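What you see is a predicted model; the values in this text were computed from it and never measured. Hydrogens, waters and symmetry mates are skipped; everything else that's a heavy atom, side chains included, is used. Numbers here simply count residues along the sequence, with the first being 1.
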Amino acid sequence: MVDTSPDAAHVEPGGPFWLSNLGHALVRKVSVSEMNNNCYLVTCRRTGDQLLVDAAAEPERLAELVSAGSGRLTTVVTTHQHWDHHRALEAVVAAHSPRTAAGAPDASALPVPPDVELTQGDRVSIGELVLDVIALRGHTPGSVALALTDGAGRAHLFTGDSLFPGGPGKTPDAEAFTSLMDDLEARVFDVYPDDTVVHPGHGDSTTLGAERPHLAEWRDRGW
């Protein structure tokens, strides 16, 4: 089953995929595991090349997701080192032999050493699509987000656990929180417009416009 309604970025474990047509790209979203992890499949419509954001869990379910697209998997990007975002990585790599990528500071903590270690300003190409890499230091040292611009010029950010509706992701201490907020402001909110869609690692999507008025509030509360 696939949910294609425009406001249906809500998915649940065992439920249907969510599908968004971005013109030159398709984005599918599925929720897996008791942690309600979001996994995103980005498909280049011209070439059929596909990128998976976080092989979080349930490799059989992720195989269904890949098959719902072109059936082949070109690249897997792991947004950060936390265990719930890469439990299926070994199985997915064994099944599909994709190129793997992750933020350089988190690379050594992953069960599969990434083929590509990502840093701020890098780009990830799949077919004719290019996604910009945004390093967001704080939730983990190597957390990254990916930015994809759709055919209408609207940006879509896959933020892992660095940005959610209602605030940034958890950080281990005040220094890490300040680092994450600094990166979010300088690399996300100061760069992308209000209609930018945020696709987080758990839960529903949001926009930068919905979150921007609360930046000072997040700073003040410290989380």
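Salt bridge absent: R99 and D115 never bring a charged side-chain N and a carboxylate O closer than 4.0 Å.
Note that the CG atom of L73 and the CG atom of L51 stand 7.5 Å from one another [nearest 0.5 Å]. One finds the CD1 atom of I134 at 12.0 Å from the CG atom of L118 (value rounded to the nearest 0.5 Å). D204 CG to W18 CH2: the interatomic distance, rounded to the nearest 0.5 Å, is 10.5 Å. To the nearest 0.5 Å, the span separating CG on L146 from CG on D132 amounts to 9.0 Å. Note that CG of L110 is 15.0 Å distant from CH2 of W83, once rounded to the nearest 0.5 Å. Distance check, rounded to the nearest 0.5 Å: CG of L163 to CG of L208 gives 7.0 Å.
Of the possible polar contacts, one joining the D122 side chain to the T119 backbone as a donor-acceptor pair under 3.5 Å is found. Of the possible donor and acceptor atoms, none in the side chain of D150 sits under 3.5 Å from a partner among the backbone N and O of H156. R137 contributes no side-chain N or O that, together with a main-chain N or O of G142, makes up a donor-acceptor pair within less than 3.5 Å. In terms of modelled atom types and a separation under 3.5 Å, the side chain of T78 and the main chain of H80 share no donor-acceptor contact. Of the possible polar contacts, none joining the D49 side chain to the I126 backbone as a donor-acceptor pair under 3.5 Å is found. Under a 3.5 Å cut-off, the side chain of N21 and the backbone N or O of G23 do form a donor-acceptor pair. Checked by atom type and distance alone, the side chain of E117 never pairs as donor or acceptor with a backbone atom of P105 at under 3.5 Å. Here the side chain of S70 pairs a donor or acceptor atom with the backbone of G48 at under 3.5 angstrom. Between the side chain of Q81 and the main chain of D106, no donor-acceptor pair closer than 3.5 Å is present. The backbone N or O of E128 lies less than 3.5 Å from no partner atom in the side chain of R46, so there is not a single donor-acceptor pair.
A heavy-atom distance below 4.5 Å is not found between the side chains of V53 and C39. In this structure the side chain of M181 reaches within 4.5 angstrom of the side chain of L215, judged on heavy atoms. At a threshold of 4.5 Å between non-hydrogen side-chain atoms, the residues K170 and F177 do not count as touching. Counting only heavy atoms from C-beta outward, the side chains of P200 and P165 approach each other to under 4.5 Å. Residues L129 and V42 form a side-chain contact, since some pair of their non-hydrogen atoms from C-beta on lies under 4.5 Å apart. Looking at L26 and L19, their side chains come closer than 4.5 Å, going by heavy atoms from C-beta outward. Contact annotation: the side chain of P13 never approaches that of R61 to less than 4.5 Å [non-hydrogen atoms, C-beta and beyond].
A chain of hydrophobic side-chain contacts below 4.5 Å, direct or via other Ile, Leu, Val, Met, Phe, Trp or Tyr residues, connects V32 to L89. One hydrophobic cluster, built from ILVMFWY side chains closer than 4.5 Å, holds both V93 and L41. Tracing side-chain contacts under 4.5 Å through hydrophobic residues (I, L, V, M, F, W, Y), one reaches V77 starting from V27; they form part of the same cluster. A single hydrophobic cluster is not seen to contain both L131 and V188; linkage of ILVMFWY side chains at heavy-atom distances under 4.5 Å, directly or through other members, places them apart. Both L136 and Y192 are part of a single hydrophobic cluster, where members link through side-chain heavy atoms under 4.5 Å apart.
Side chains of S143 and T140: a donor on one and an acceptor on the other come within 3.5 Å. Neither side chain, T74 nor Q50, offers a donor N or O lying under 3.5 Å from an acceptor on the other. In this structure, a donor-acceptor pair under 3.5 Å is absent between the side chains of N38 and S31. Under 3.5 Å, the side chains of D182 and S179 contain no donor-acceptor pair of N or O atoms. Counted by atom type alone, H202 and N36 present zero donor-acceptor pairs between their side chains at under 3.5 Å. No hydrogens or angles considered: nothing links the side chains of T171 and H139 as a donor-acceptor pair under 3.5 Å. D161 and H85 are linked by a side-chain donor-acceptor pair at a separation below 3.5 angstrom, with hydrogens and angles left out of the test. A donor and an acceptor atom, one from each side chain of H214 and E217, are located under 3.5 Å apart.
Minimum heavy-atom separation, A135 to D183: O-OD2, 3.6 Å. Scanning all heavy atoms of the two residues, the minimum distance from E58 to S33 falls at OE2-N, 2.7 Å. The two residues H86 and H82 have their closest heavy-atom pair at CD2-O, 3.4 Å. Closest approach of G167 to E211, counting heavy atoms only: N-OE1, 4.2 Å. When all heavy atoms are compared, the tightest approach of S125 to V130 is OG-CG2, 3.8 Å. Of all heavy-atom pairs between L62 and A88, the closest is CD1-CB, 4.0 Å.
No more than 12 heavy atoms of other residues, nucleotides or ligands shown are found within 6.0 angstrom of CH2 on W223. The local environment of CD in E34 is crowded, with over 12 non-hydrogen atoms from other residues, nucleotides or ligands closer than 6.0 Å. Residue R212 qualifies as enclosed at atom CZ: its count of foreign heavy atoms under 6.0 Å is above 12.
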Original post:
side-chain contact (heavy atoms from CB on, under 4.5 Å) between V76 and H96: does it pass, once the steps are laid out?
Top reply: CA-CA 10 Å; V76 177; H96 301 281; over 6 Å; no
**OP:** Using the side-chain contact (heavy atoms from CB on, under 4.5 Å) rule, take T43 and R28 through it: C-alpha gap first, then chi angles, then the decisive distance, then the call.
**Re:** CA-CA 8 Å; T43 305; R28 291 174 171 86; 3.7 Å; yes
Subject >> L22/L148 under side-chain contact (heavy atoms from CB on, under 4.5 Å): CA gap, chis, key distance, verdict >> reply: CA-CA 10 Å; L22 304 185; L148 172 67; 4.0 Å; yes
Subject >> Derivation of the side-chain contact (heavy atoms from CB on, under 4.5 Å) call for N37 and R87 >> reply: CA-CA 11 Å; N37 288 86; R87 283 180 284 176; 3.9 Å; yes
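Taking the six-membered ring for Trp and thresholds of 30 and 60 degrees, F158 and H199 have nearly parallel ring planes, at less than 30 degrees apart.
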